[in-house]
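What follows is one structure encoded as structure tokens, with my remarks underneath.
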Amino acid sequence: MGIKDLLRFMKPYVETAHIKKYAGKRVGIDAYSWLHKGAYSCSMELCLNSGGDKKLQYLNYFMHRINMLRHYKITPVVVFDGGNLPCKGVTEDERHKRRKTNRDQAMLKLKEGNVAGAIELFQRAVSVTPSMARQLIQILKSENIQFVVAPYEADAQLAYLSNLEEEKNGIVAVISEDSDLLAYGCPAVFFKMDAHGNGQEVVLDNVFSCVTRVPSFRHFNKDLFTGMCVLAGCDFLSSVPGIGITKAYNLVSKYRNLDRVLSMLKFEKGDQVPEDYTKSFREAVAVFHHARIYDVSLKRIKHLKPVPEELLQLLDEELDFLGPEILPSLATAIAQGNIDPCTMEAFNVFPSTVNHVSTANIKKISGPFFRQETSTQASKDSSVFAISSSKSKKESTVVEMKQAPDEWKGSLFMEERECLEEAVALQSMLCPSISTRKEKKSQQTEELKVPHNNPFRKRRVEEIEPDEMDSVTELVSEITEVESLEVVCITPESQKSVESKPVKRIELKRDTKEKKVKRSNLESSESNKNTILNFFSPV
DNA sequence: AATGCGTTAAAAT
DNA sequence: TTAACGCATT
């Protein structure tokens, strides 16, 4: 993963540092790296889909780190990966196969009774699933932690945020394990951060300005640096045989121009250079420079950096290798964590709503990364979203989202988006407000024997006050496209069983002219009613 | 001699 | 899953 050997090569520029240097600042987090590390601690349970609350250990791990950052007055901004890029398909396939064989072997060991051996193999078999990301997003929402799901690569989104001013939702550094961030041009990357905040940092400005250290990047710029990274081999394009980071560096510092480097490569290693290497190289570099990212302010997809006209022509006006375009409505739904960016299906907020959520209808013509035409079982009184894609006039692929029923067709994407935003606003409005309400001295407190420093510690037990429901009614009356919406609260049960259970349900009747809010307690059990958990653990 | 590349050892929760 | 070691190739 990442650029082969880059971190080792950059050793002279890697400095040990403590994350508290970013106190008072916004710092981006590559969610995948922490999710993966967290999954390590409960790999067997995740693979076997068993083990009750043990399987939620990765959430614990993640939130401990978030709380550590908050302890140092850092504002975390969590960035999730979205869909896969077409050129990454091969890498992903191989990973999938490896995981499968590891899982199979682990099962064998388990049958032999060799638990330790099995765990070792399960650790190599775990993968981070959208569902795990979704679980985490629910908690982040309830804790008011900022997050965004990138349309494609989280790294690109992080690079974009890194180059934004802080007052425009930008970040000053990125916490990650992935050396790709440097290829993307992130000004500051914090690697290998431990639970206490110690880590190893690379600051790109130092790299380009330093005159004493070797290798010297005095005559490099960001473009040449990215070119060097691609030459050495990256996720989007493997290197020419015999070319590693050292030779890539030497070639770039010698010719200081990527086109000339490519010519020399062809000249010296003629037969070893693949036929279409130049094209693939240009595309890989273009991903690092112009990847599609989500603009939080404009609520739409754009390029990491604008694509210059000359480059567009050089690439035959074809940008599908960046992944298909995504229309604002869908991009926003993805960014806010309401739609699975891989399957484009609406996330099931709760398993109990499974009948209300129709399978997304996805038509996709080019690219293996979207399914072709899946069945839709939209019942007419359950409206969610159908997704389809089409070719725009310019022949590039566009993915868009449409309302399911025919009579809505072509109407008002903006309203649909706003509706989703409302849903999210409603959610985040309700959850924290429950917890900030005054406490009702609860007899249940000691029922949950959770240690005080446990991040899953129970916070407060409360009900939504009747007067609050008025404002909810107001909000909800604006919503036309979503019929049934449930408010997410994490209950103690969510630790015991996997499924988090709804505490309150707000139903919107679509067919009736006046939308009514009905409130029903699905859970009769006293103990988990209106309960929310908190993550305030001492660091 | 230097560098790429495969293999092995170890870490951490 | 990463880092270091050593072999083999240019």
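Since the model is a prediction, treat every value here as computed from it, not as a measurement. Letters A, B, ... mirror the listed sequences (proteins, then strands); counts begin at 1.
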Exercise for the section: Any chance you could measure A:Ser162, atom OG, to A:Tyr184, atom OH, to the nearest 0.5 Å? Expected result: 12.5 Å
Handout entry: Nearest-nucleotide 5' precedence on DNA chain C, A:Lys11 against A:His36
Key = A:His36
Problem - Euclidean distance, A:Lys25 NZ relative to A:Ile74 CD1, rounded to 0.5 Å - result: 11.0 Å
Nucleotide N/O of nucleotides 3-11 of chain B paired with protein N/O under 3.5 Å:
residue : atom : partner  : partner atom : Å
B:dG4   : OP1  : A:Gly244 : N            : 3.0
B:dG4   : OP1  : A:Lys247 : N            : 2.8
B:dG4   : OP2  : A:Thr246 : OG1          : 3.4
B:dG4   : O5'  : A:Gly244 : N            : 3.2
B:dC5   : OP1  : A:Gly242 : N            : 3.0

Practice task
Measure the CG-CE distance between A:Leu121 and A:Met44 for me, rounded to the nearest 0.5 Å.
Solution key: 12.0 Å
Problem - Atom CE of A:Met107: over 12 foreign heavy atoms under 6.0 Å - result: no
Problem - Distance in angstrom units between A:Gln272 CD and C:dT10 C1', rounded - result: 11 Å
Exercise for the section: Could you tell me whether the side chains of A:Asn102 and A:Arg99 share a donor-acceptor contact shorter than 3.5 Å? Expected result: no
Exercise for the section: Name the nucleic acid region contacted by A:Lys192, choosing base, sugar-phosphate or nothing; use a 4.0 angstrom heavy-atom cut-off, strictly under. Expected result: sugar-phosphate
Problem - Residue pairs fulfilling ring pair (Phe, Tyr, Trp, His ring centres under 6.0 Å) with at least one residue in residues 237-263 of chain A, sequence neighbours excluded - result: A:Phe9-A:Tyr249, A:Phe217-A:Tyr249, A:Phe220-A:Tyr249
Exercise for the section: Please state how far atom CD1 in A:Ile3 lies from atom C1' in C:dT2, giving the value in whole angstrom units. Expected result: 16 Å
Fill in the blank from the handout: From NZ of A:Lys37 across to C1' of C:dT1 the rounded distance in Å is 11 Å
